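Counting starts at 1 for both ligands and their atoms, in listed order. Computed from a predicted structure; not experimentally measured. The figures here come from the full heavy-atom set of this structure, side chains too, leaving out hydrogens, waters and symmetry mates.
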Amino acid sequence: MKMWSGRFGEPLDPSFEKWQRSFDFDKRLLPYELAASGAHARALREAGILTADELIAILQGLDEIGKLASLSPEFLNDQDAEDVHHFVEKQLVALIGDVGYKLHSGRSRNEQIATDLRLYVRASIDHLLVDTASLCDAILDRAEQAGTAAMPSYTHLQRAEPVLVAHWLLAYCEMFLRDVSRLADCRMRLNVCPLGSGAVAGATLPLNRKAMATELGFDGPTANSIDSTADRDFAIEFVHALSLFALHLSRWAEEMILFSSQEYSFIQLPEAYSTGSSAMPQKRNPDLLELARGKAGRVIGDAIALQVTLKGLPLAYNKDLQETQESLFSATETMLALVPLVTGWMRNVEFNYDRMSEASQSGFMNAWAAATYLVKRGVPFRLAHEQVGKAVRLCLDKNCRLEDLALADWQALNPAFSGDIFEHLKLESVIAIHNVPGGTAASRVREALAEARQKVESIPVIRGGVHAHA
Ligand code: ARG
């Protein structure tokens, strides 16, 4: 039986009927729908609408539906179910008879879908926080292994200054830690329960909203029934946080793609995450990275789609809201699949330290250190810059490095240069002068690594009342 057929004299146009259904995609919400229905059933019992026996029958029925769904995916191939709410009602009545119809007393699908989606987003955040903590762990392990190995850093994609490989990796860890904090923040705000909001104006039965909220692991009931049935901010916030996360992964992927090209040869792609070419036998392609870069397009698109769908919707529930689900699921599932793969890639990539170190000692990346040498000896920076610039010019003419110039060449530029300049031009010295918090000096990077470890350890690993979906 449909959930609303009483007032209709004519059947629906069959293609419209099929087209307006959401069960194909909202079947993902089944575990949350069952949990929320259990909470509602207990509130109905407390309100005197269900007898104790009816409550037991309903709870057992809900439990059975959960079991059947996990035993066989076929169970979810229901051609008649309009949406996940209708599916549960149908199955419940099939299992326990007409008493199953009592479950819908005093509630509306509008509050149910709002609740299910909050539970889905919350479980997804919990899942992602765990996965992102593992990703950060992998990055930090690689940073630790890199020790004091150096590489060039770039601005404008031109060699700029040498840095520790660990310092470079920690930059990515910072980006992902910000993603973690955005997700945790979103979780905090979404964790209120719409149950008891009814269709729009509040439940018509005296339902204990606080008890329902507590049972589902929410901090409390939502404050306004109109807002709670109309609101999808939590989905928008979440998918926007995901879109930024995906954007970070795409920047990461792009850099790894560059660094794996023969032109850089800084990293060796892990075979387990690459593929070959059907035409060119020599190829090893960075597929994981390219797909990671590409997935950002999808997730950013999902974030925009959600906002555009909500734009201009009057209060409260409108069926347009059903259209938010697929973007939410697509972004969520894309990220849940991607993050662990990136972690695996990170653990398996090989860094070509020799090549990185060689690259970090060319391109005049010690020029700033030479100017700093003068600044520490009282020379105004602008003049020091000019003089070292001339030294670079001289090297270009002679086709040599700054450290190959004779002391006389340096002193001709500025008499403040003395024999110890050569010590200051060495890679280790150049790295060591960046001795500020957040800088690349080895001791600072060691500190930063320890701090990042602590931040990762304190990532909130919370499990809601309802289990995370797979
Ligand atoms: N499938 C619907 C959705 O996802 C459930 C809510 C339907 N409510 C209604 N009044 N038709 O939005």
Flag, side chain of R293 to backbone of S250, donor-acceptor distance under 3.5 Å: no
Residues in salt bridge (Lys or Arg N to Asp or Glu O under 4.0 Å) contact with E144, at least two apart in sequence or another chain: R453
Qualifying residues under side chain to side chain donor-acceptor pair (under 3.5 Å), relative to R284, sequence neighbours excluded: E271
Residue pairs involving residues 199-248 (criterion ring pair (Phe, Tyr, Trp, His ring centres under 6.0 Å); sequence neighbours excluded): F176-F245
Sub-6.0 Å ring centroid separation between F266 and Y353: no
Worked check of side chain to side chain donor-acceptor pair (under 3.5 Å) between Q20 and K319: CA-CA 9 Å; Q20 55 92 45; K319 189 120 176 184; 3.0 Å; yes
Neighbour list for ligand 1 [protein residues, heavy atom under 4.0 Å]: S22, D83, H85, R109, N110, I113, Y317, Q322, Q325
